[in-house]
Amino acid sequence: MRSSLIDDGAAIIADAYDGYVLRFRDLTRRARPNFESRDWHAVQRDSAQRFDLYLEAVGGGLERLRPLLDDRVADRPTWPALRGAYARAVASRADVELAETFFNSFTRKIFHTIGADPAVEFVIPQLPWPSLPAAGEQTKVFPRTGILGTLVRNVLDAFRFRPGWEDLDGDVARVTRAMEEALGGRTVEALELLTPVFFRGKGAYVVGRAKTDRGDIPWVMALVNPDGKIVVDAVLMTEDEVSIVFSFARSYFLVELDRPRDMVAFLKQIMPRKPIAELYNAVGCNKHGKTELYRSILAHLDETDDRFDIAPGQRGMVMSVFTLSGFDVVFKVIKDRFDYPKTVTHQEVREKYGLVFRHDRAGRLADAQEFEHLEFDGLRFTERLLRELSTVAAETVRIRADRVVIAHLYTERRLMPLDVYLREVEPARAKEAVIEYGQVLRDLAATNIFPGDMLLKNFGVTRHGRLIFYDYDELCLLTDCNFRTLPKPTSGEEETAGEPWFYVGDRDIFPEEFRSFLGLRRELRDVFLAHHEELLHVDFWHRMQDVHTRGEVVDIYPYRSARHLRGHDQEREP
Ligand SMILES: Nc1ncnc2c1ncn2[C@@H]1O[C@H](COP(=O)(O)OP(=O)(O)O)[C@@H](O)[C@H]1O
Ligand SMILES: [Mg+2]
């Protein structure tokens with residue numbers, strides 16, 4: 001084929017990528033003025049819109065590419081050539097790894113590639129991962145020259161917002177005191193902070209590390225805007241706490257990314273336990289996060305003999321779930337047919353996941369990645385898993401000789417199902433989990449989500465002991481539900497009827513029924529009731545519905561209430 005045609009084709013894809021990056025940056029940049037003017041609805045809208053940009057950009061690029069290449073668009077030899085030309089076009093970009101992922105999306109749309117095709121895709125990244133600490137371009141070092149308070153003041157001076165600080169002197173004093181407590185005798189020599197501010201929901205975060213006489217520790221400052229002026233709400237200085245701020249169960253940050261790799265490399269140093277894939281997701285590059293996840297699955301299969309096996313816990317009625325031992329991810333395939341009494345369709349299940357992707361996840365809904373046409377070596381699957389998949393998901397999973405091809409699946413972070421957890425842990429931990437369970441329902445309600453199927457098996461526990469919901473097929477907006485009190489039976493017959501004797505609509509929910517529905521053993525149910533009795537009454541749910549109908553956006557903090565530097569009227573755990 002003419003090389004100019006190839007160059008033109010590559011230019012179209014590079015151009016589509018460029019357009020994507022500009023729109024992404026544009027939406028991301030609105031986060032600051034939205035935070036400053038407290039326009040929380042705009043924040044939500046922009047986050048959802050930004051999520052959709054990627055597929056729009058790929059679709060738009062394909063529309064221009066098809067007429068140019070004509071029937072050669074699906075010719076295999078076209079693509080290695082296109083890839084070469086594209087690689088040259090994007091080589092000098094600071095976000096070249098994202099640009100490669102973008103190219104791969106084109107090839108997968110055209111070829112529905114089974115597995116990854118090294119002839120047409122960028123399977124191996126062009127650049128090695130930076131081994132040096134991220135260079136100074138995106139961070140700023142604030143050396144300590146005198147007392148700690150002066151250093152804190154310098155930082156607050158550098159990170160200024162248009163409305164100004166509500167109480168600068170007070171914030172300096174509170175931050176200094178909190179840091180001294182957290183330092184436990186260590187001395188801060190400097191703070192090294194990422195210059196871009198991280199925005200999400202109603203919060204803004206300054207992220208970096210404290211260089212101390214005994215090594216580096218994470219340093220994150222949480223800012224809020226309760227009444228029009230900026231307030232420092234918390235300072236977090238442990239890996240666990242910072243890791244929870246960056247959790248896979250929270251929405252992606254809006255943060256300016258000139259050099260995503262360096263940014264992620266820096267974050268990885270602060271949170272060494274967090275997978276690179278999740279860090280890319282956290283800063284909004286979830287498509288590239290998916291590439292990184294895919295590579296880490298391949299690497300894990302390569303480096304170990306671990307096999308895929310049925311996930312521990314109760315089998316799903318809608319999803320068939322499996323794990324890869326030694327790997328922190330579960331794989332979820334939609335079953336061909338759903339067990340009684342599930343009435344959702346495949347399409348609806350996918351729509352529910354789509355809703356979760358775009359909605360505020362509140363620290364309580366597990367993020368997922370959607371894969372198509374994955375291929376694995378059949379020998380890496382246990383017998384019983386192959387049998388399970390060929391029985392319940394034969395339409396999605398094809399098993400051919402020694403290959404397993406999966407047309408569609410979701411991956412999620414692997415958690416310990418709550419029903420399993422409650423059976424295994426000591427009573428004190430189980431009690432904490434049950435209190436936390438009620439808090440999940442409250443946090444979801446605060447973001448206008450009703451989980452639907454709220455049985456214990458649909459919640460998982462993280463290594464931090466946090467509880468997260470993952471079963472989405474009955475999830476819906478709180479404002480779409482109809483919360484009702486159970487009608488009083490008027491006759492003995494009605495009272496003893498096994499089936500409801502009154503009309504139950506599709507969206508009807510009877511909170512009184514949660515009591516028996518939850519399936520908690522006696523002592524745990526008492527703990528639940530002691531803390532969350534109000535969840536069994538319609539008043540609570542109606543009140544929350546009103547909050548959303550009025551358009552209020554409720555505060556949810558990704559840190560413990562004890563961390564609030566100025567105390568709060570309504571203390572809530574994250
Ligand atoms: N993220 C996860 N981590 C660990 N186990 C999970 C995860 N997601 C699902 N499971 C397991 O798979 C089962 C079925 O998954 P679920 O999402 O609840 O689908 P279903 O709608 O079919 O119930 C769960 O009961 C649980 O045991
Ligand atoms: Mg379930």
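Every heavy atom of this structure was used, including side-chain atoms; hydrogens, water molecules and symmetry mates were not. Order of listing sets the numbers, starting from 1, for every ligand and every atom in it.
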- Between V330 and ligand 1, which part of the residue brings a heavy atom under 4.0 Å of the ligand: side chain, backbone, both or neither? side chain
- Task: Look only at interatomic distance and state if A311 has a nitrogen or oxygen under 3.5 Å from any nitrogen or oxygen of ligand 1.
- Result: no
- Item | P417 heavy atom under 4.0 Å from ligand 1 | yes
- So which heavy atom in the protein is nearest atom 26 (C) of ligand 1, and how far is it from that ligand atom? Y470 OH, 3.3 Å
- side-chain contact (heavy atoms from CB on, under 4.5 Å) between V404 and E375, intermediate numbers included: CA-CA 6 Å; V404 175; E375 183 182 20; over 6 Å; no
- Message: Taking only non-hydrogen atoms of S320, do any sit less than 4.0 angstrom from ligand 1?
- Response: no
- Item | Within reach of ligand 1, part of A366 (heavy-atom separation under 4.0 Å) | neither
- Message: With respect to G316, determine whether any N or O atom, backbone or side chain, lies less than 3.5 Å from an N or O atom of ligand 1.
- Response: no
- Query: Just wondering, is there an N, O or S atom on N458 that's nearer than 2.8 Å to the Mg ion (ligand 2)?
  - Reply: yes
- Protein heavy-atom partner closest to atom 21 (O) of ligand 1 - residue, atom, separation in Å: D473 OD2, 2.7 Å
- Item | N, O or S of D471 under 2.8 Å from the Mg ion (ligand 2) | yes
- Task: Among all protein heavy atoms, pick out the one at the shortest distance from atom 3 (N) of ligand 1; state its residue, atom name and that distance to 0.1 Å.
- Result: L415 N, 2.9 Å
- Task: Determine, using heavy atoms of K332 and all atoms of ligand 1, whether some pair is separated by less than 4.0 Å.
- Result: yes
